[in-house]
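Each chain gets a letter, A, B and so on, in the order its sequence line appears, and its residues count up from 1.
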Amino acid sequence: MNIDLILQNILNPPILFFLLGMLAVFFKSELTIPQPLPKLFSLYLLIAIGLHGGYELSHSGINTYIFTALFLAILMAIIVPIYSYFILRIKLDSYNAIAIAATYGSISAVTFITGVTYLQTIGVEYGGYMVAGMALMESPAIVVGLVFAALFSKDSADKDNSQDKKKTDWKEIFREAFLNPSVFLLVGALIIGIVTGQKGWDSMEPLFGTLFKGMLAFFLLDMGLIAAKRIYELKKVGLFLIIFAIAMPIFNASVGILLGYFFELTKGDTLLLALLSGSASYIAVPAAMRLSVPEANPGLYLPLSLAVTFPFNISLGIPLYYYFITILWG
Amino acid sequence: MNIDLILQNILNPPILFFLLGMLAVFFKSELTIPQPLPKLFSLYLLIAIGLHGGYELSHSGINTYIFTALFLAILMAIIVPIYSYFILRIKLDSYNAIAIAATYGSISAVTFITGVTYLQTIGVEYGGYMVAGMALMESPAIVVGLVFAALFSKDSADKDNSQDKKKTDWKEIFREAFLNPSVFLLVGALIIGIVTGQKGWDSMEPLFGTLFKGMLAFFLLDMGLIAAKRIYELKKVGLFLIIFAIAMPIFNASVGILLGYFFELTKGDTLLLALLSGSASYIAVPAAMRLSVPEANPGLYLPLSLAVTFPFNISLGIPLYYYFITILWG
Amino acid sequence: MNIDLILQNILNPPILFFLLGMLAVFFKSELTIPQPLPKLFSLYLLIAIGLHGGYELSHSGINTYIFTALFLAILMAIIVPIYSYFILRIKLDSYNAIAIAATYGSISAVTFITGVTYLQTIGVEYGGYMVAGMALMESPAIVVGLVFAALFSKDSADKDNSQDKKKTDWKEIFREAFLNPSVFLLVGALIIGIVTGQKGWDSMEPLFGTLFKGMLAFFLLDMGLIAAKRIYELKKVGLFLIIFAIAMPIFNASVGILLGYFFELTKGDTLLLALLSGSASYIAVPAAMRLSVPEANPGLYLPLSLAVTFPFNISLGIPLYYYFITILWG
Amino acid sequence: MEKMKKIEVIIESIYVNRLLELFKESDVTGYTIIRGIEGYGSHGLKTADEANDLLSNDYIFTLCKEEKFNKMIERIRSFINRYGGKCIISDTQVLLSLKESKYL
Amino acid sequence: MEKMKKIEVIIESIYVNRLLELFKESDVTGYTIIRGIEGYGSHGLKTADEANDLLSNDYIFTLCKEEKFNKMIERIRSFINRYGGKCIISDTQVLLSLKESKYL
Amino acid sequence: MEKMKKIEVIIESIYVNRLLELFKESDVTGYTIIRGIEGYGSHGLKTADEANDLLSNDYIFTLCKEEKFNKMIERIRSFINRYGGKCIISDTQVLLSLKESKYL
Ligand SMILES: Nc1ncnc2c1ncn2[C@@H]1O[C@H](COP(=O)(O)O)[C@@H](O)[C@H]1O
Ligand SMILES: Nc1ncnc2c1ncn2[C@@H]1O[C@H](COP(=O)(O)O)[C@@H](O)[C@H]1O
Ligand SMILES: Nc1ncnc2c1ncn2[C@@H]1O[C@H](COP(=O)(O)O)[C@@H](O)[C@H]1O
Ligand code: NA
Ligand code: NA
Ligand code: NA
């Protein structure tokens with residue numbers, strides 16, 4: 001594998017700011033980015049991604065190719081949490097297996113846009129409709145997790161004799177899956193982008209387009225702080241799961257790449273599909289799992305996703321997956 | 001009335017983000033924009049409006065036409081709360097009539113800039129001095145409210161036997177009227193805009209000009225959340241007041257339009273005058289009223305202004321008032 | 001001294017927003033910029049300064065001239081706190097003399113960038129490496145302060161009989177000196193700027209370059225609020241220290257100017273060296289002193305730095321120091 | 001002044017809506033919330049600076065008469081058993097406004 | 001340690017300055033404020049996420065000796081009658097620093 | 001329910017890490033922090049809106065059994081003598097979860 005591919009990814013300000021954030025924690029600098037500033041950045045990024053994706057969709061329209069790409073995205077979002085669950089059951093109880101499987105079945109928007117930035121850096125084309133793919137990939141894992149929870153951990157429902165509680169939960173969890181803030185805002189901005197087209201984008205671009213990379217760098221500085229703090233919790237997590245948190249993304253990404261290859265997606269779109277498949281959620285799904293499977297230990301699924309998979313994907317994962325692609329495509 | 005006028009207004013990202021915010025509440029998505037982010041947006045918008053208005057004034061200078069426009073603005077700001085009070089007394093006690101009259105006598109800056117955005121979309125000229133008009137229209141309603149409170153609700157002063165309290169209140173309320181953060185920052189930025197002219201604007205434009213529409217969209221997303229939450233309180237408000245909250249803006253705007261017509265303002269300036277007359281305050285005046293007329297129920301004046309008048313004005317009001325104008329001007 | 005020099009500095013939006021902030025406090029307007037918005041601005045400014053300085057260093061490289069400039073910066077950062085301490089001991093006890101000396105020995109980043117803005121306004125060249133100079137000037141005063149604390153206030157260590165406490169302190173204070181958030185972020189961004197060079201800057205410039213002056217204006221509005229609030233504490237501070245807070249910066253700046261003259265720095269670089277020498281810290285050093293010399297009264301060093309030296313430097317100090325320079329350089 | 005129990009609860013922010021539901025079902029007439037606070041306990045460190053409600057606590061308290069408290073306590077206990085968190089109970093006096101003297 | 005009353009008040013943020021004035025006039029020597037908190041009570045829901053101080057609460061508490069408290073209580077009662085809010089009184093022990101042992 | 005002492009401390013934000021260290025050394029099993037609050041006391045006004053930790057307070061409380069409290073109190077007293085701040089002690093009942101009934 002070419003070291004250049006890695007350097008082209010790492011020697012970008014956003015990734016370097018991520019490293020800087022991690023260093024701040026390791027050196028015990030008291031650098032902090034207090035709430036709600038991280039919230040501001042994530043609202044900004046979701047709106048920006050959605051608007052831009054919508055704008056591009058308003059140009060391209062929907063065709064068979066796009067339909068195929070979106071279909072593959074949903075497919076991956078359904079099968080990844082299913083096979084992850086059975087792999088995890090080797091070592092874990094049902095609750096934790098469900099929560100971790102759902103976490104890895106869903107996606108990380110920031111990983112996605114770091115991949116997009118990488119494609120721009122190396123000058124490879126990709127489609128704006130992949131944003132729609134990302135939006136479609138957020139929720140299925142939550143639904144799969146809930147179905148598994150109903151199938152494989154019924155006993156818990158019995159222990160807790162408040163039956164009405166169980167009923168309300170379903171409504172709440174449905175909301176978590178399809179109306180959680182990330183999905184809602186992303187899809188909303190996507191639709192606004194589609195509806196307002198070129199004219200809308202022209203008025204929004206100065207804030208949501210031109211400033212994008214700077215805001216990403218700012219946000220990744222914060223993600224570095226957050227990820228590094230969680231690293232200290234990894235010692236309680238165990239080797240099996242740490243290996244899982246690196247091997248699983250590579251495996252999922254590889255499945256994505258193979259699918260992209262057989263269905264003749266472009267190299268850029270395939271990288272994004274692979275990255276989405278390989279990324280793990282650290283906001284929406286953990287929240288949904290905490291609500292629906294309180295028995296699972298967030299001290300496992302959060303540090304794995306935040307402190308292992310996320311840093312791995314944005315630093316080494318992206319160029320690695322792209323390397324696989326260049327080999328396959330020849 | 002031409003449906004196109006409405007669509008031209010509604011199919012803009014800022015208005016659509018407002019709708020998205022409302023939908024978030026109706027669908028019970030947990031999307032929130034926590035403090036102090038809304039504060040950041042409103043500080044930004046006030047500074048941006050003030051600076052740009054001042055910059056334009058530094059070009060145009062003051063002439064008879066501008067003087068007339070500003071005079072009409074003040075006139076509307078004085079008569080609206082007066083006649084509103086007497087209309088409201090039909091159904092309400094003195095305290096609530098005062099608070100609501102003052103609320104509707106003052107203005108909403110975000111409504112104003114949404115109107116400005118509309119004029120830019122349809123390519124109609126307007127004057128930067130209207131920002132000065134807006135600044136002049138904020139305070140009179142507060143003063144009118146206080147005078148009415150002194151005239152019509154003396155009894156309350158007797159009940160509360162702490163006379164010295166009453167004296168300090170006047171100073172505090174004067175501050176609320178003329179030095180409340182909105183007025184202060186708007187006027188301050190306006191003066192800075194005038195003083196620093198072209199050179200000043202050149203250095204401030206990237207932040208306070210170019211990004212303006214994006215920030216407006218962001219802020220209106222939050223306003224949608226806020227407005228929608230208040231809608232649930234409307235059931236306690238009663239039909240009379242809900243009708244008032246739509247009819248009064250239309251009436252006030254119509255008076256503004258007629259004045260604009262007779263005093264030969266341009267179409268753009270007249271729309272802004274109408275919109276300012278028709279808009280209701282939801283920050284400065286409610287705060288002043290809460291301090292000076294604690295007996296009035298904020299559960300009335302806040303939801304009316306936030307959940308009825310504001311959404312009405314920015315969605316249907318603007319094109320409606322413009323439609324009136326096109327009819328009159330021929 | 002030419003009044004034009006002063007007006008050229010003061011009639012800039014950033015300085016005028018600073019005045020507006022002060023006026024808000026004097027007029028008792030309730031304008032506030034709540035946390036963490038000030039934090040957002042200061043994070044932004046540090047990153048922006050660092051990135052841009054690094055970008056310029058990546059072009060210029062290091063040569064003897066730059067080496068000289070950086071050497072002079074460090075020299076000033078070491079000698080200023082030393083001679084300040086002995087001047088302050090005339091009237092103050094050891095603790096307070098140490099804390100104030102360290103405060104004035106370090107620098108204020110916002111003062112620095114206001115100076116940079118001034119140079120841009122009057123069209124005078126300066127070197128991006130001066131940002132590195134600024135970074136180098138933050139910490140020495142803290143170290144000097146700590147050494148003095150160890151030398152001149154041993155008694156306190158005895159009173160407090162928890163010996164192990166003293167040991168941990170040193171580590172903590174070292175962190176405060178070299179890894180405090182300001183230094184860490186500034187140096188980090190500087191290095192990222194150097195490493196990513198032209199390409200990195202191109203992607204970061206829209207946020208961290210183009211918007212810079214607007215953000216500075218926003219931040220100075222807040223600094224005006226903060227500085228003015230501290231003015232009310234000055235009555236407890238005493239005349240000696242208030243004179244110190246104006247005379248010392250002028251003296252330090254003059255020493256900086258003479259050094260710049262003898263070592264043949266350019267006029268722009270000399271102004272920045274003078275300004276850094278004359279400025280006083282109000283974040284990093286007060287924090288370090290509060291931790292290491294709790295006996296010193298923050299009611300002295302904070303108002304002096306925030307309410308006297310900072311306003312003086314950014315309004316009159318900058319043009320005054322530049323006036324000295326024009327005289328010397330002829 | 002009225003003698004009342006002050007019930008303070010510290011829980012993960014994500015569970016606060018469920019606790020408020022419990023309050024509602026127990027006919028609590030009022031409550032106060034401080035959001036986004038930090039803490040350390042048997043469930044580890046909550047730092048409240050994350051893009052994530054799982055790592056932050058909320059602090060809620062409600063005032064109620066002894067009888068109401070006695071009816072609630074078992075529900076709160078099972079809530080805490082399930083979701084974690086701390087519940088602190090103390091005796092206070094509450095100053096009532098004229099209007100409320102009738103309500104409570 | 002000194003026995004003192006802890007007086008906690010929850011009011012609309014907009015009235016906090018008036019309460020602090022009341023404290024000042026009652027010679028209160030110190031207080032603590034937590035701003036922008038949420039709550040529910042007879043005046044409805046305060047969500048603290050609005051561009052508006054009317055929809056957010058502040059939480060203030062002050063510690064004072066029993067005598068001072070007895071002098072203040074009627075003023076606080078009429079304050080709450082006029083402006084709404086809750087006032088909670090409880091008994092605490094306050095650990096004094098050396099310096100303060102003289103002050104209070 | 002378990003009888004416990006609630007120890008509340010209000011100190012300058014900058015000293016909070018040192019207080020947490022003191023807690024750790026005293027084997028405190030948990031604590032709760034509310035950051036960036038305001039207050040007034042013998043060290044003047046803390047407004048919490050500055051770019052500076054010296055002008056803002058933090059509020060920390062910990063619950064512990066009487067014995068542990070008795071061991072800590074002198075350390076807290078000397079902490080407050082050195083760094084300022086207020087410490088409030090009150091009696092509370094803590095509702096324990098099943099798991100914790102074993103721990104404490
Ligand atoms: N001993 C304690 N004193 C004060 N607060 C506590 C204590 N134990 C736990 N907490 C708070 O309660 C939260 C949840 O507790 P736990 O479920 O034990 O992790 C913690 O994050 C702390 O904020
Ligand atoms: N029973 C209660 N328990 C705790 N807090 C309350 C209670 N009732 C009211 N509050 C708080 O006091 C504020 C004002 O109360 P009210 O004037 O009754 O609306 C509310 O917004 C709550 O934050
Ligand atoms: N009497 C009091 N009641 C409530 N809080 C207080 C009181 N005195 C001091 N405080 C709080 O404790 C902090 C530190 O107190 P001090 O060291 O006396 O300045 C103050 O900023 C207040 O937040
Ligand atoms: Na995935
Ligand atoms: Na109006
Ligand atoms: Na200096």
> Which side-chain N or O atoms in residues 55-63 of chain E pair as donor and acceptor under 3.5 Å with protein atoms at least two apart or in another chain?
unit_1: E:S56; atom_1: OG; unit_2: E:S13; atom_2: OG; d: 2.6
unit_1: E:D58; atom_1: OD1; unit_2: E:S13; atom_2: OG; d: 2.9
unit_1: E:D58; atom_1: OD1; unit_2: E:G36; atom_2: N; d: 3.2
unit_1: E:D58; atom_1: OD2; unit_2: E:R35; atom_2: NH1; d: 3.2
unit_1: E:Y59; atom_1: OH; unit_2: E:E8; atom_2: OE1; d: 2.3
unit_1: E:T62; atom_1: OG1; unit_2: E:G30; atom_2: O; d: 2.7

> Output the option from F:I76, F:V9, F:I37 having the highest count of non-hydrogen pairs under 4.5 Å with chain E.
F:I37
> What distance do F:C87 atom SG and E:Q93 atom CD have between them, rounded to the nearest 0.5 Å?
10.5 Å
> One pair to check against side-chain contact (heavy atoms from CB on, under 4.5 Å): E:V94 and F:I89. What are the steps and the verdict?
CA-CA 6 Å; E:V94 176; F:I89 296 122; over 6 Å; no
> To the nearest 0.5 Å, what is the distance between CD1 (F:I7) and OG1 (E:T92)?
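With rounding to 0.5 Å, CD1 (F:I7) is 13.0 Å from OG1 (E:T92).
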> Does the side chain of F:I73 come within less than 4.5 Å of E:M1's, by heavy atoms?
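E:M1 vs F:I73: side chains touch.
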> What do you reckon, is OH of E:Y40 surrounded by more than 12 foreign heavy atoms closer than 6.0 Å?
no
> From E:T32 OG1 over to F:K46 NZ, what is the distance, rounded to the nearest 0.5 angstrom?
11.5 Å
> Measuring heavy-atom distances to chain E, does F:I88 have an atom under 4.5 Å in its side chain, in its backbone, in both, or in neither?
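Contact with chain E is through both the backbone and side chain of F:I88.
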